[in-house]
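Take a look at the structure below.
Quick caveat: nothing in here was measured; it's all calculated off a predicted structure.
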Amino acid sequence: MTAGVRQEPREATRPRTPRRTRLPALLALLAGLAGVGYRLALLLADVPPGNSDEATMGLAALHIARGEDFPVWFYGQAYMGTLEAYLAAPLVALAGPSVLVLRLPTLALYALFLALSWRLTRRLGGDRWYALLVVAVLALGSDRVLKNQLIAGGGYPELNPGGVAVALLTVGLCAGGSRGLSRRAVVDGPAARLALPPGGSEPAARLPVRAGASGLARWAAWGLVAGLLLWVDPLILPFVLALGAVLVLWRRRELVGRAGAALAGGLLLGAAPMLLDSLRHGRDPLAAVLTASGADAAASWGERLHGGLVLGPPLAMGFCSPGHCAGWQLWWAPTFLVLLLLAAIAAWRTLRRPAPPVSPAAPEAASVASADLGEFPFAANDKSPRSGGGPADVPGEWASAAVRLALLAAAAAVLAAYALSNAAGRAPMESARYLSVLAVAMPALLWPLWSAARRAGLWPRPAKPYQPGEPAGTGRAGHHLGDLAGSDPAGQHLGELAGSDRPGYRHVGDPESIIPSAGGRKRIRAAGVTAVAVLAGMLGTGAVATAGAVGTVPATHAEAERHRILVDALGDLNLRHVRAGYWTCNRLAFASGEEVRCAVVDDELRPGFDRLPEYRRAVDADPGAAWVAPAGSPLAARLDGRLGPGPDGLRVVDVPGWRIYLPRR
């Protein structure tokens, strides 16, 4: 006897989850591609302009590619590691020396910075719309920002992606670093306020924790990236210290075991070039940095504070025109300080928030939720950050708040150190590059604006997740708030606002009150409108500054073309040794692949600072060495006085924008 079996449709046995919109992720991808494409187009047009410091890094890459030298430090000094040279060396070996080849790795580092910033924003509890905002701001490119990100002059292009990577690893280690850990181990430190489950014993909760292989790899990666950054440039030190403090507070018990050994091993490996050189030659990189900071040329306190606190933030964040900051572009300076304070208060309040009661199943739930924090949305279940969806998510919420607070504290320390330095008062337009690392804190800095806009209902409404047994489109958090609010329209609106683009997700900083008073609703609305206005002002000011950078393209490209003509002219004249100013010498040497070697002179024809002393020895040994000076420069005026038939007389060959002075033979 046979029995017919009718197969039920798949939809009848498994509830169908409505497909969430991918619009913000798609827009973020487009914004990131636009930012990378914009910078690539500028590189092809010789923007930003090259200089001798970048050429010095290029010479290091050239020497590495040839196997002639493997420098630890930027030539001529005992600080600033040569990671950029090692990254560019394979390309230089394949394609020969050129500014474009030298900058392709820095462009890749910028693309990595965008991707990691999106990832960090999501891990810190931000939804896709907020991550889109962060990427859009970072995709803009003013003159100062482009120079920081693309010029391979040492340090700056690596710091931002490296700093975000350290922050991302910190979040992973604190909130989701190891699966199967006890809740006490996950939130050990300031967040260890969760009560033990009924029937749970204190000794069991405090059993030593052993990190698995993947966990140890994360610890080692944290140390490796931090060590590399400290070798490259100590400007990142405040971020490394602040994020390291979070690790110590959250996972200090693991640091005394294998995890600590893995971190220390990675740190030593990353900083090995610096440490070995210091041991070998007795050098102190930190002392070298302080010596080179301009402490010997004092600036007044007024000049320092104006350059550091008024000009510094707009320049560093990309809101100023090329070479100057207009008065209206300085609005970001006080706004930056206010946002820094508000974001720190918000993070601190989250850390101080008491933990809700937990059920007997809470320890296991907390472990699983923490382990799922911030997985890439590639799996079928599209795992995502969970920052506060319930008791199980409290450790993740605390860890995210702690990392945000660390980023803000580090940004404040960097800004304070810069404002106290003489460089801020003496040359703020150029020395503002020291503040480039402030971009690492962008996901934390804009948090109050995002939170205020969401509270007021002015942010794009995320799709409400489907929960089994509920009507499609109803989120658990929103449904709960709506129930509490009854039929009040305001309560219903807050219930919808608490939904997210991820199932069971509640954003840190979302509204706490259920039914605000009429005055409270007005204040929330006013704060939201102000937040949106500030965000619009940021994007508008950044777009104007970006357009200003685009306006410099014709002049910069023409100057680069004149420099190429100069290099060709030196080759046609069969000149191999010349004397020139600092900002000319190594640029000539790199562009010619060291076919031309140059000794530095000042405007009085006296010997200057040679980063490669062997160049001077070669030039001094050649009686037919020529002189090169930009047309109309003080050096050219000085050399013009030596034109004539005398024994030390010179004759001149003019090329566009340059004058080549040849000795009479």
Side-chain angles (χ1 to χ4, degrees), residues 51 53 77 79-80 142-148 151 153-156 159-160 233-239 241-242 286-345 407-442 444-446 448 534 537-538 540-542 544-545 548-549 582-583:
N51 59 58
D53 279 348
Q77 59 194 46
Y79 64 95
M80 194 178 293
S142 69
D143 177 69
R144 180 69 267 164
V145 167
L146 291 173
K147 290 176 179 177
N148 294 339
I151 293 180
Y156 307 107
L159 294 185
N160 285 347
D233 199 316
L235 284 175
I236 201 66
L237 183 61
F239 285 90
L241 292 178
L286 182 59
V289 171
L290 296 176
T291 301
S293 64
D296 56 337
S300 69
W301 278 106
E303 291 172 331
R304 296 184 198 181
L305 295 179
H306 181 266
L309 300 182
V310 178
L311 295 178
L315 280 167
M317 305 302 284
F319 298 148
C320 287
S321 303
H324 72 284
C325 277
W328 69 271
Q329 293 171 321
L330 298 179
W331 70 273
W332 175 248
T335 305
F336 176 85
L337 298 177
V338 171
L339 283 179
L340 199 64
L341 179 61
L342 292 178
I345 292 174
L407 293 175
L408 296 166
V414 169
L415 183 62
Y418 175 68
L420 296 176
S421 70
N422 289 302
R426 289 169 48 232
M429 289 296 164
E430 187 59 31
S431 64
R433 65 185 185 275
Y434 300 141
L435 296 178
S436 64
V437 292
L438 293 181
V440 175
M442 187 69 75
L445 183 67
L446 302 185
V534 172
M538 288 179 58
T541 307
V544 171
Y582 176 84
W583 295 109

Step by step, would you call Y434 with V414 a side chain to side chain contact (heavy atoms under 4.5 Å, CB included)? CA-CA 8 Å; Y434 300 141; V414 169; over 6 Å; no

How far apart are the C-alpha atoms of F319 and R144, what are their side-chain angles, what is the distance that settles it, and do they pass the side chain to side chain contact (heavy atoms under 4.5 Å, CB included) test? CA-CA 9 Å; F319 298 148; R144 180 69 267 164; over 6 Å; no

Step by step, would you call Y418 with L438 a side chain to side chain contact (heavy atoms under 4.5 Å, CB included)? CA-CA 12 Å; Y418 175 68; L438 293 181; over 6 Å; no

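Summarising the geometry, atom CG belonging to L339 is positioned 7.5 Å from atom CE belonging to M538; distances are rounded to the nearest 0.5 Å. Taken from CG in L340 to CG in L415, the straight-line distance is 7.5 Å, to the nearest 0.5 Å. To the nearest 0.5 Å, atom CG of residue L315 and atom CG of residue L435 are 8.5 Å apart. Atoms CG and OG1, from L330 and T335 in turn, are 11.0 Å apart once rounded to the nearest 0.5 Å. How far NE2 of H324 is from CG of L311: 11.5 Å, rounded to the nearest 0.5 Å. In this structure, M442 CE and M317 CE are separated by 3.0 Å, a value rounded to the nearest 0.5 Å.
If you check the side chains of Y582 and D53, you find a donor sitting under 3.5 Å from an acceptor.
A343 approaches A444 most closely through the heavy-atom pair CB-O, 3.4 Å. P313 approaches A333 most closely through the heavy-atom pair CB-CA, 4.4 Å. Pairing each heavy atom of L420 with each of R304, the nearest pair is O-NH1, 3.1 Å. What you find for G308 and A424 is that their closest heavy atoms are N-CB, 3.8 Å. A410 and A242 get closest at one heavy-atom pair: CB-CB, 4.2 Å. Between G307 and P428, the shortest heavy-atom distance links the atoms CA-CB, 4.0 Å.
Judged by distance alone, the side chain of N422 and the main-chain N or O of A299 form a donor-acceptor pair under 3.5 Å.
Under the side chain to side chain contact (heavy atoms under 4.5 Å, CB included) test applied with Y156, the options L235, I151, V437 reduce to a single match, L235.
A 4.5 Å side-chain heavy-atom check between Q329 and S321 finds at least one atom pair inside the cut-off. Side chains of F336 and L309 form no contact here, defined as non-hydrogen atoms less than 4.5 Å apart.
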